Amino acid sequence: AVASSQFLMSDYPSALATYQRIPNEHWANPEIGINLAVTLKKVGRAQDAVKILSAVNKPKQQELAQYYASVQKYLGDNP
């Protein structure tokens, strides 16, 4: 929750530091991994962002699946 609030406040360096304290195996969770990928992109780590997003489990919820697709496009359009 802390990383998400930092993310929503556009405090990407702090959000990244918080996400990095979450065990890596949880990054595949769409609720974590998608925002982590955006955070990585925002701090200049586009290649890491693509790698993280590619490891995220495909969301089943429609809203989350749409968000996932928009982040894929964002990362693809802005390498």
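All values reported here derive from a predicted model rather than from experimental measurement.
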Listed partners of Lys60 passing side-chain hydrogen bond (donor to acceptor under 3.5 Å, both in side chains), at least two apart
none
Excluding sequence neighbours, so at least two apart, what forms side-chain hydrogen bond (donor to acceptor under 3.5 Å, both in side chains) with Asn57?
none
Which residues pass the salt bridge (charged side-chain N to carboxylate O under 4.0 Å, His left out) test with Asp11, sequence neighbours left out?
none
Measure across Ala3 and Ala15 and return the closest heavy-atom pair with its distance rounded to 0.1 Å.
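Residues Ala3 and Ala15, closest heavy atoms: O-CB, 3.8 Å.
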Could you tell me which non-hydrogen atom of Pro30 sits nearest to which non-hydrogen atom of Pro59, and how far apart they are?
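Taking every non-hydrogen atom into account, CB-CG, 4.0 Å.
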Nearest 0.5 Å, please: how far is [atom2] in [Y] from [atom1] in [X]?
| X | Y | atom1 | atom2 | value |
| --- | --- | --- | --- | --- |
| Ile32 | Thr39 | CD1 | OG1 | 12.0 Å |
| Met9 | Ser4 | CE | OG | 12.5 Å |
| Ile34 | Leu64 | CD1 | CG | 4.5 Å |
| Ile52 | Asn35 | CD1 | CG | 12.5 Å |
| Lys42 | Ser10 | NZ | OG | 7.0 Å |

Do Leu36 and Val2 sit in the same hydrophobic cluster, where Ile, Leu, Val, Met, Phe, Trp and Tyr count as joined when their side-chain heavy atoms come under 4.5 Å apart?
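In one cluster: no.
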Using distance only, find each side-chain donor-acceptor pair of residues 19-27 under 3.5 Å and give its atom names and separation, not counting sequence neighbours.
residue: Arg21; atom: NH2; partner: Thr18; partner atom: OG1; Å: 3.4
residue: Trp27; atom: NE1; partner: Tyr19; partner atom: O; Å: 3.3
residue: Trp27; atom: NE1; partner: Ile22; partner atom: O; Å: 3.2

Please list, chain by chain and in numerical order, all residues satisfying ring pair (Phe, Tyr, Trp, His ring centres under 6.0 Å) with Tyr67, sequence neighbours excluded.
none
Could you tell me which residues satisfy ring pair (Phe, Tyr, Trp, His ring centres under 6.0 Å) with Tyr68, sequence neighbours excluded, listed by chain and number?
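Checked Tyr68 against ring pair (Phe, Tyr, Trp, His ring centres under 6.0 Å); zero matches.
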By side-chain contact (heavy atoms from CB on, under 4.5 Å), which residues pair with Gln66, not counting sequence neighbours?
Gln62
Who are the side-chain contact (heavy atoms from CB on, under 4.5 Å) partners of Val50, not counting sequence neighbours?
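With sequence neighbours excluded, Val50 shows a side-chain contact (heavy atoms from CB on, under 4.5 Å) to Leu75, given in chain and number order.
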Heavy-atom count check: over 12 atoms from other residues, nucleotides or ligands less than 6.0 Å from Gln47 CD?
no
Please walk me through it: do Val56 and Asn29 pass side chain to side chain contact (heavy atoms under 4.5 Å, CB included)?
CA-CA 6 Å; Val56 169; Asn29 180 329; over 6 Å; no
Contact list for residues 43-52, test salt bridge (Lys or Arg N to Asp or Glu O under 4.0 Å), sequence neighbours left out:
Arg45-Asp48
